[in-house]
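First comes the structure, then the notes that go with it.
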Amino acid sequence: AALRVLRERYLDRSRSGSAPGSAPGETAEDMCWRVASAIASAESAWGKTQEQIHEAASRFYEMMVDGAFLPNSPTLMNAGKDNGLQFSACFVLPVGDSMDAIFEAVKRAAIIHKSGGGTGFAFSRLRPKDTEVKSTGGKASGPVSFLRVFNGATEAVKQGGTRRGANMGILKVDHPDILEFIHCKLDGGISNFNISVAITEPFMTALAKNGEYDLIDPHTHEVTGRLKARDVFDRIVSAAWQTGDPGLVFIDRVNRCSANPVPDLETIEATNPCGEQPLAPNAACNLGSINLDKFARPGDPKSPIAWDDLERTVRQGVRFLDDVIQVNPYPLPEIMDEVRHNRRIGLGVMGWSDLLIQLGIPYDSQAALDLAGKVMEFITRIGRNESVRLAEERGPFPNWSQSIYRNGAPLRNSTVTTIAPTGTISIIAGCSSGIEPLFAVAYSHIVGDRHLTFVNPHFEAVAKKRGFYSQELMEKVAEEGTLHGLDKVPEDVRGVFVTAHEIEPEWHVRMQAAFQKHTDNGVSKTVNLPNSATVEDVARAYR
């Protein structure tokens, strides 16, 4: 699976000089060296010799080729290919309240999608539907109509020929068009957007008191009406139960925490498509993920995690991501300016459920939550410490003196950690994605006459070690996807290999919270619900 994904999307076909359709000339190892050397070339900016640059590239290469760390897809796809395409996955673009500003944002999104980046937009500044447009005497068509324009433009631009554009559309809960926005995906017309409602503190207060809250015209700043908070929340939950959207972004909380390191200078109004990266207008962030599966030491009861090795990888990962900022060919000068003033990076994790499985800890247990907090606290603490070291060597991020960190040691990066969903890079690394549980213990892959059974390697190893392995059992597991009701599998093993749909919603949210407590930016997490889930189950997860 990893090699197929690499061939389809990542390996440099130009190196072979062969006919279209033939195998690319680049190998997976070549790709790792291409990326490592391109990113390490940044080190020349701080006076490093060619020998020192080669050493840095070698360290980057080792952690990538071992599958201990991988950067986000655009870095793997574009670094070192000299194709002019940028290396970051996450962008937020401003959408101003004029035709010029709106279509400028559409154009910029197309440029970013072409390079494999995803974009987030807040439509909260657009005047409500049917309000008068002074310059023309006509009526405004409102945020949702423009959301459809952005959706259509994305449909027409395939991301760099490798993946379709992903977007996040956000509207504040006090915008007069909020009800139309909540329901806009119910007819299935908006396929290239995740949507989220930006939830404010006044709204949550009104919800707790079963009261009403004000709707505010963003153009005139006047109150145009009131809605019952409970009614709006119920509509959000009902739409999410039907389609999975809208999500909720607790926007006031975002702006009051480390996700906005410069609140005196900027207000965050949107996130990237998966919600884990809140960003100011024209900001971008490059991400990378550590594969925790590589650091499990199940045979060592004193230290089941290789903390020293993990520390080395965290430090290298922070250095790598800071180097990316230096050599990234950002698509627009405003984005380059914004990124270089704050130097946001997002180091995250994948292989979390693999680590738990190796250590024999069920995902839905207090022990798992405790370990999550311990691991993420360690990664953020070491990551920040490395950022302090880099600031001594390279200088702090330019906005440091106006940041929430101005009374401490200077930092090179305004944020250090983010947890992304790691969809494709976890396939390449051969590990579980992000902080998600297993989706299946085994599954069948059927194409025409080809019938392949994929079994989780940790499960296969346990089955052989414990003496209950059989080909028949493996096929049965692939058929079911889970171990539920398979009496031949010991109960403790069934508990450890629990899958996403078997886990109660509360445990998904608790796991997200355990990681979020120690993460600068956001955490991407899916709450998987069975087909039988009720509207109240969704409401409970949101609350």
- Might you point out which heavy atoms bring S124 and H175 nearest each other, and give the distance in Å? O-CD2, 3.5 Å
- Item | Between D252 and T200, a side-chain donor and acceptor under 3.5 Å | no
- Task: Specify whether F69 and F320 have parallel, tilted or perpendicular ring planes, treating 30° as the upper limit for parallel and 60° as the lower limit for perpendicular.
- Result: perpendicular
- Reported CG-to-CZ distance for the pair L347 and R384, which is rounded to 0.5 angstrom: 12.5 Å
- Item | Expected output: side-chain R340 to main-chain Q326 donor-acceptor under 3.5 Å | yes
- Message: Determine whether a donor-acceptor pair (N or O, by modelled atom type, separation under 3.5 Å) exists between the side chain of S353 and the backbone of P437.
- Response: no
- Query: Are the side chain of N399 and the backbone of Q402 linked by a donor-acceptor contact shorter than 3.5 Å?
  - Reply: no
- Message: Please check: side-chain N/O of T220 versus main-chain N/O of E222, any donor-acceptor pairing under 3.5 Å?
- Response: yes
- Query: What are the two closest heavy atoms between C257 and I404, and how far apart are they?
  - Reply: O-CD1, 4.5 Å
- Starting from the C-alpha separation in whole Å, work towards a yes-or-no answer on side chain to side chain contact (heavy atoms under 4.5 Å, CB included) for V262 and N342. CA-CA 8 Å; V262 286; N342 292 321; 3.9 Å; yes
- Message: Can you see whether N72 engages N286 through a side-chain donor-acceptor pair at a distance of less than 3.5 angstrom?
- Response: no
- With distance as the sole test, does R344 use its side chain to make a donor-acceptor pair with the main-chain N or O of N413 at under 3.5 Å? no
- Message: Could you walk me through whether I379 and L292 satisfy the side chain to side chain contact (heavy atoms under 4.5 Å, CB included) test, starting with their C-alpha distance in whole Å, then the side-chain angles of each, then the deciding distance to 0.1 Å, before giving a yes or no?
- Response: CA-CA 11 Å; I379 290 171; L292 293 173; 4.3 Å; yes
- Task: Tell me, with the steps shown, if F123 and F181 meet ring-ring contact (aromatic ring centres under 6.0 Å, His included).
- Result: CA-CA 10 Å; F123 292 92; F181 179 78; 7.6 Å; no
- Task: Classify the angle between the aromatic ring planes of Y363 and H508 as parallel (below 30°), tilted (30 to 60°) or perpendicular (above 60°).
- Result: tilted
- Does any donor atom in the side chain of T205 or Y213 lie under 3.5 Å from an acceptor atom in the other side chain? no
- Query: Does the ring centre of W352 sit less than 6.0 Å away from the ring centre of F515?
  - Reply: yes
- Query: Stepwise, does the side-chain hydrogen bond (donor to acceptor under 3.5 Å, both in side chains) test hold for D370 with Q366?
  - Reply: CA-CA 6 Å; D370 293 344; Q366 188 58 46; 2.9 Å; yes
- Proximity of Y405 and W400 rings by center, below 6.0 Å: no
- Salt-bridged, R127 to D97, with N to O below 4.0 Å? yes
- Evaluate the criterion side-chain hydrogen bond (donor to acceptor under 3.5 Å, both in side chains) for residue pair D217 and T224; output intermediate values, then yes/no. CA-CA 6 Å; D217 183 323; T224 64; over 6 Å; no
- Roughly how far, to the nearest 0.5 Å, is OG of S403 from CG of D264? 9.0 Å
- Query: How close do L529 and P505 get, heavy atom to heavy atom, and via which atoms?
  - Reply: CD2-CG, 3.3 Å
- Query: Going by atom types alone, do N521 and Q277 pair a side-chain donor with an acceptor below 3.5 Å?
  - Reply: yes
- Quick one: closest heavy-atom pair of E276 and P421, and the distance? OE2-CD, 3.6 Å
- Give, for atom CD1 of I419 and atom CD of Q512, the distance between the pair rounded to the nearest 0.5 Å. 9.0 Å
- Does the side chain of L93 come within less than 4.5 Å of P281's, by heavy atoms? no
- Can you label the angle between the F103 ring and the F146 ring as parallel, tilted or perpendicular, going by 30° and 60°? perpendicular
- Nearest 0.5 Å, what's the CG-CZ distance between D234 and R230? 5.5 Å
- State the CG-CG distance between D354 and N291, to the nearest 0.5 angstrom. 7.0 Å
- Q50 atom CD, neighbour heavy-atom count above 12 within 6.0 Å: no
- Please round to the nearest 0.5 Å and tell me the distance separating atom CD1 of I216 and atom NE2 of H221. 9.5 Å
- Item | Nearest non-hydrogen partners of S524 and I435, listed with the distance | O-CG1, 4.2 Å
- Is D323 reaching over with its side chain to a backbone N or O of A42, donor-acceptor style, under 3.5 angstrom? no
- Query: Is a donor on one side and an acceptor on the other found under 3.5 Å between the side chain of R59 and the backbone of Q316?
  - Reply: no
- Message: Looking only at the side chains, is there a donor atom on one of S433 and T422 sitting less than 3.5 Å from an acceptor on the other?
- Response: no
- Charged N-O contact under 4.0 Å between R319 and E393: yes
- Message: Taking the side chain as everything from C-beta on, heavy atoms only, tell me whether L179 gets closer than 4.5 Å to L227.
- Response: yes
- Message: If you apply the rule side-chain hydrogen bond (donor to acceptor under 3.5 Å, both in side chains), what do you find for T380 with T417, and how did you get there?
- Response: CA-CA 6 Å; T380 295; T417 45; 3.1 Å; yes
- Message: Quick one: does any side-chain atom of N192 pair with a main-chain N or O of A166 as donor and acceptor, under 3.5 Å?
- Response: no
- Query: Closest approach of P94 and A105, non-hydrogen atoms and distance?
  - Reply: O-CB, 3.5 Å
- Query: Taking the six-membered ring where the residue is Trp, are the ring centres of Y330 and F87 under 6.0 Å apart?
  - Reply: no
- Query: Under 3.5 Å, is there a donor-acceptor pair linking the side chains of N167 and T154?
  - Reply: yes
- Query: Hey, mind stepping through V92 and T119 against side chain to side chain contact (heavy atoms under 4.5 Å, CB included) and telling me if it holds?
  - Reply: CA-CA 5 Å; V92 163; T119 44; over 6 Å; no
- Please check if any side-chain donor atom of Q358 sits under 3.5 Å from a side-chain acceptor atom of D293, or the reverse. yes
- Task: Verify, without hydrogens or angle tests, whether Q52 (side chain) and T49 (backbone) share a donor-acceptor contact under 3.5 angstrom.
- Result: yes
- Query: Taking everything shown except R543 itself, do over 12 heavy atoms lie less than 6.0 Å from its CZ?
  - Reply: yes
- With no hydrogens and no angle check, is any side-chain donor or acceptor of T519 less than 3.5 Å from a backbone partner on T418? no
